[in-house]
There are 2 protein chains.
Amino acid sequence: MSDARLTLGLEEDPLLLDRQICFPLYAATNLLGRLYGPVLRKLNLTYPQYLVMLVLWEQQPQTIGALGARLYLDSGTLTPLLKRMEGAGLLSRARDPNDERRVLVTLTERGETLRSQALHVPETMANGYNAEGVDALRESVRDLVSILAQHSTRSRGSKAA
Amino acid sequence: MSDARLTLGLEEDPLLLDRQICFPLYAATNLLGRLYGPVLRKLNLTYPQYLVMLVLWEQQPQTIGALGARLYLDSGTLTPLLKRMEGAGLLSRARDPNDERRVLVTLTERGETLRSQALHVPETMANGYNAEGVDALRESVRDLVSILAQHSTRSRGSKAA
DNA sequence: GGCGATTTAATCGCGCGCAAGGCATTATCG
DNA sequence: CGATAATGCCTTGCGCGCGATTAAATCGCC
């Protein structure tokens, strides 16, 4: 089509949008966030705030570093996000008395109670999906994440064996 | 492990982070953006700006609406982004004389020349990957995108038959 | 015990991403 | 032709997401 006539051994134009793996991931994430938005809005949660709640509902309290290791985020993102959630009364942030460098994040009563209202979110989102290929897709993307996390100097990459 | 003892007919806790499809997509997108960042920085491009350039290198000129339909973004995101790229001398924005509502985006000489420098980006990024499962993964995520796009009222979803 | 190195969060600046609203241009219909 | 609706883009406000820097607390080492 274009001026790709110098592709000696190369098979095709490497810059075609449809050949990138990054673009469908980018688009899927944006579209998913757009779908979750209205559902989570009823819980007064944003999409990343919802992910933080998922982590805290599993285990609690957790340090900011531990949250970041789980979600692949750093304090530059988490600190203001957690402050907003604290302002909403979902959790409390307090320095660890045993190590004043750390900040322990603990759910409030309100934060724990919200879990019951969040229980219907997954089924609401997975409304019309076959859910067959989804399991395989999730595992594939997770494999990609673990590969990408290795190549990343950030994201507290110290959990892998 | 936790308090999932009330799982009458349900198989498992639906709120476990590792059961969500949204989370690995979210993490993979963030990690990928973090990997692309330093590489694209040498071209003075951000990650979404790179995607815009990919679209424009394929076809040109394009309206903002067409760009948004391709990238699943709306003018609220694209307009300021394109203005920054215009300020960087990569493209020009001008009203379509035939329809003054539209804005035509055209690459400048500088924008077209940048393509040669971008040619090595894909191979740089795909450095240590087997690239076997990547093709299948890309198709799976693309299928997901097309499903999600149908459920979306936005993103000018008027291309499907 | 003192002192440099490391760990852990907080802060700042910037660029998205999106919902909501606004405005000019074009299309539609009586 | 004139009113009304639809289209296409711009603007605003807010919440991330990240690189970079800063500051405090802890650890190691002598």
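Proteins come first, then strands; the chains are lettered A, B, ... in the order of their sequence lines, and each starts at number 1. No hydrogens, no waters, no symmetry mates; every other heavy atom, side chains included, goes into these values. Please read these numbers as outputs of a predicted model, since none were measured by experiment.
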Would one find a side-chain N or O of [X] under 4.0 angstrom from OP1 or OP2 of [N]?
{"X": "Tyr47(A)", "N": "dC18(C)", "value": "no"}
{"X": "Thr63(B)", "N": "dG8(D)", "value": "no"}
{"X": "Arg84(B)", "N": "dC16(C)", "value": "yes"}
{"X": "Arg93(B)", "N": "dC10(D)", "value": "yes"}

Task: Residue from Leu56(A), Thr113(A), Leu114(A) passing side chain to side chain contact (heavy atoms under 4.5 Å, CB included) with Leu107(A) - done: Leu56(A)

- [ ] Select from Asn30(A) and Leu78(A) the residue whose nearest nucleotide in DNA chain C is closer to the 5' end of that strand.
- [x] Leu78(A)

- [ ] Identify, between Leu104(A) and Glu100(B), the residue whose nearest nucleotide on DNA chain C lies closer to the 5' end.
- [x] Leu104(A)

Open item on the list: Mind checking if Tyr26(B) touches a base, just sugar-phosphate, or nothing, with heavy atoms under 4.0 Å?
Closed with: sugar-phosphate

TODO: Quick one: label Arg95(B) by what it contacts on the DNA or RNA (base, sugar-phosphate, nothing), any heavy atom closer than 4.0 Å.
DONE: sugar-phosphate

[X] [atom1] - [N] [atom2] separation (whole Å):
{"X": "Tyr36(B)", "N": "dG19(D)", "atom1": "OH", "atom2": "P", "answer": "16 Å"}
{"X": "Leu82(A)", "N": "dC16(D)", "atom1": "CG", "atom2": "C1'", "answer": "12 Å"}
{"X": "Leu45(B)", "N": "dG15(C)", "atom1": "CG", "atom2": "P", "answer": "13 Å"}
{"X": "Ile64(A)", "N": "dA24(D)", "atom1": "CD1", "atom2": "P", "answer": "17 Å"}
{"X": "Gln49(A)", "N": "dC16(D)", "atom1": "CD", "atom2": "C1'", "answer": "9 Å"}
{"X": "Asp99(B)", "N": "dA6(D)", "atom1": "CG", "atom2": "C1'", "answer": "12 Å"}
{"X": "Asp74(B)", "N": "dC16(C)", "atom1": "CG", "atom2": "P", "answer": "14 Å"}
{"X": "Leu67(A)", "N": "dA10(C)", "atom1": "CG", "atom2": "P", "answer": "11 Å"}

Open item on the list: Can you work out whether Pro48(A) or Pro38(B) has the more 5'-proximal nearest nucleotide on DNA chain D?
Closed with: Pro48(A)

Open item on the list: Here's a test of your reading of the structure: between Pro97(A) and Leu81(A), which maps to the more 5' nucleotide of DNA chain D?
Closed with: Leu81(A)

Open item on the list: Can a donor-acceptor pair be found, under 3.5 Å and without considering hydrogens, that links the side chain of Thr108(A) to the backbone of Gly89(A)?
Closed with: yes

Open item on the list: Quick check against the 3.5 Å criterion: does Arg102(A) have a side-chain atom that pairs as donor or acceptor with the backbone of Thr63(A)?
Closed with: no

- [ ] Find the distance between CZ (Phe23(A)) and OG1 (Thr29(B)) and round it off to the nearest 0.5 Å.
- [x] 11.5 Å

Open item on the list: What's the separation between atom CG in Leu32(A) and atom CG in Leu25(A), rounded to the nearest 0.5 Å?
Closed with: 11.0 Å

From the list [options], which nucleotide is the closest neighbour of the side chain of [X]?
{"X": "Thr46(A)", "options": "dC16(D), dG15(C), dC10(D)", "answer": "dC16(D)"}
{"X": "Leu73(B)", "options": "dC18(C), dA10(C), dT25(C)", "answer": "dC18(C)"}
{"X": "Arg34(A)", "options": "dC18(C), dC16(D), dG15(C)", "answer": "dC18(C)"}

- [ ] Using the rule that two of Ile, Leu, Val, Met, Phe, Trp, Tyr join whenever any of their side-chain heavy atoms come within less than 4.5 Å, decide whether Leu104(B) and Leu73(B) are in one cluster.
- [x] no

Task: Glu86(A) bridged to Arg93(A) by N-O distance under 4.0 Å - done: yes

Could you go through nucleotides 11-13 of chain D and list every protein N or O atom that sits under 3.5 Å from one of its N or O atoms, giving the distance for each pair?
{"unit_1": "dT11(D)", "atom_1": "OP2", "unit_2": "Lys83(B)", "atom_2": "NZ", "d": "2.5"}

TODO: Of all the heavy-atom pairs spanning Leu91(B) and Leu82(B), show the shortest one and how long it is.
DONE: CD1-O, 3.7 Å

- [ ] If a protein heavy atom is under 4.0 Å from the base, mark B; if only from the sugar-phosphate, S; if neither, -; do that for nucleotides 2-7 of chain C going 5' to 3'.
- [x] -----B

TODO: For residues Trp57(A) and Leu17(B), determine if any side-chain heavy atom of one lies less than 4.5 Å from a side-chain heavy atom of the other.
DONE: no

Open item on the list: Contact between Gln62(A) and Arg70(A) at the side-chain level, heavy atoms closer than 4.5 Å - yes or no?
Closed with: no

Per-pair distances, 0.1 Å, donor-acceptor, side chain in residues 46-53 of chain B, under 3.5 Å, sequence neighbours excluded:
{"unit_1": "Thr46(B)", "atom_1": "OG1", "unit_2": "Gln49(B)", "atom_2": "N", "d": "3.3"}
{"unit_1": "Tyr47(B)", "atom_1": "OH", "unit_2": "Cys22(A)", "atom_2": "O", "d": "3.3"}
{"unit_1": "Gln49(B)", "atom_1": "OE1", "unit_2": "Thr46(B)", "atom_2": "N", "d": "3.3"}

